[in-house]
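For reference, the structure is listed below as structure tokens.
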Amino acid sequence: MSQNTLEPGVRDLLGLLAYAQLLAFDRMAADARLAPDLHRRAVLCEMAAVEIGNYRQIADRLGELGLDPAGTMAPFVEALVEYHEATEPTDWLEALTKAYIGDGIADDFYREVAASVGPVDRDLVLRVLHANAYDDFARDEIRAAVAADPKAASRLSMWARRLVGEALSQAVRVAEEHADLVVLLGDGGAELFDRLKQAHGDRMAAVGLNN
């Protein structure tokens with residue numbers, strides 16, 4: 001299959017991921033203002049810069065496929081905006097937990113779906129998922145905060161559950177509205193959600209939060 005041949009579901013996958021990256025840039029740049037010092041603010045700004053670079057890669061691929069990036073992203077705007085509006089962090093730790101837990105489960109989903117597409121688009125999706133270095137930064141910050149103040153664990157655990165609940169709610173909505181995207185999951189939808197839950201539980205345990 002040619003690298004410029006559009007497989008079923010790929011348009012939706014790339015459109016969804018492109019808008020997710022664009023929103024992540026906006027969100028991280030804004031959340032950086034919650035940082036308690038300049039070092040942490042700079043790290044989150046660096047993360048935001050990576051997100052806009054990722055968006056550019058996906059937009060370029062959409063162009064190769066003869067698709068308009070804005071038009072391809074448009075069907076996903078409402079669902080993703082609603083997720084972010086419902087999970088607006090109020091402080092630095094909530095912002096980091098959203099980046100670590102919320103983005104983590106989204107990355108797990110994209111990784112699973114990408115396994116069903118051709119090598120060009122699969123490699124692109126895997127390439128733009130969040131870097132381990134930034135996951136490590138967020139994880140270490142949350143773990144240190146929980147160790148310093150055990151009460152923070154309860155608050156952040158509740159926040160993480162809210163993040164995942166909102167994310168799954170919007171994921172179901174997207175699936176209902178975009179059948180071609182669901183096709184990429186094949187018959188393994190139930191197993192997929194089991195794997196997502198397991199990975200989420202592992203991620204929560206890694207920072208000392210209760211699932």
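Everything numeric here is computed off the predicted structure, so don't read it as measured data.
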Common cluster, [X]/[Y], ILVMFWY with side-chain heavy-atom separation under 4.5 Å:
X	Y	answer
Leu17	Val81	yes
Leu16	Val77	yes
Leu14	Leu126	yes

With a 4.5 Å limit on heavy-atom distance, are the side chains of [X] and [Y] in contact?
X	Y	value
Leu93	Leu156	yes
Gln21	Ile52	no
Val117	Val125	no
Phe137	Arg40	yes
Ser169	Tyr83	no
Val128	Tyr55	no
Leu80	Gln170	no
Leu44	Asp31	yes

Spacing of [atom1] belonging to [X] relative to [atom2] belonging to [Y], to within rounding of 0.5 Å:
X	Y	atom1	atom2	value
Leu96	Trp159	CG	CH2	12.0 Å
Asp60	Leu124	CG	CG	9.5 Å
Leu129	Phe109	CG	CZ	12.0 Å
Leu163	Ile105	CG	CD1	9.5 Å
Asp136	Glu141	CG	CD	12.0 Å
Leu23	Met73	CG	CE	9.5 Å

Between [X] and [Y] (salt bridge meaning N to carboxylate O under 4.0 Å), is one present in this structure?
X	Y	value
Asp135	Arg139	no
Arg203	Asp108	yes
Arg173	Glu176	no
Asp91	Arg155	yes
Arg27	Glu88	no

I'd like to know if the side chain of [X] and the backbone of [Y] have a donor-acceptor N/O pair within less than 3.5 Å.
X	Y	result
Lys98	Asp103	no
Thr72	Gly15	no
Arg161	Asn210	yes
Arg127	Asn54	no
Asp180	Gly9	no
Glu94	Thr90	yes
Arg41	Ala35	no

Do other residues, nucleotides or ligands put more than 12 heavy atoms under 6.0 Å from Arg143 CZ?
yes

Report the C-alpha distance between Asp121 and Leu13 in whole Å, list the side-chain angles of each, state the deciding distance to 0.1 Å, and finish with yes or no for side-chain contact (heavy atoms from CB on, under 4.5 Å).
CA-CA 9 Å; Asp121 296 306; Leu13 174 60; over 6 Å; no

Walk me through it: do Ile58 and Tyr19 pass the test side-chain contact (heavy atoms from CB on, under 4.5 Å)?
CA-CA 10 Å; Ile58 303 169; Tyr19 191 61; over 6 Å; no

Minimum heavy-atom distance [X]-[Y], with the two atoms named:
X	Y	answer
Trp92	Leu34	CB-O, 3.4 Å
Ala32	Cys45	CB-SG, 3.7 Å
Ala153	Leu209	O-CD2, 3.6 Å
Ala86	Arg162	O-NH2, 2.6 Å
Pro69	Leu62	CA-CD1, 3.9 Å
Ala20	Tyr110	CB-OH, 3.5 Å

For residues Gln198 and Asp202, is any side-chain donor paired with an opposing acceptor at under 3.5 Å?
yes

Can Asp12 and Phe76 be said to form a side-chain contact (heavy atoms from CB on, under 4.5 Å), step by step?
CA-CA 9 Å; Asp12 284 345; Phe76 304 99; 3.9 Å; yes

With side-chain contact (heavy atoms from CB on, under 4.5 Å) as the test, would you mind laying out the steps for Arg61 and Val120 before giving the verdict?
CA-CA 9 Å; Arg61 174 58 177 160; Val120 173; 3.7 Å; yes

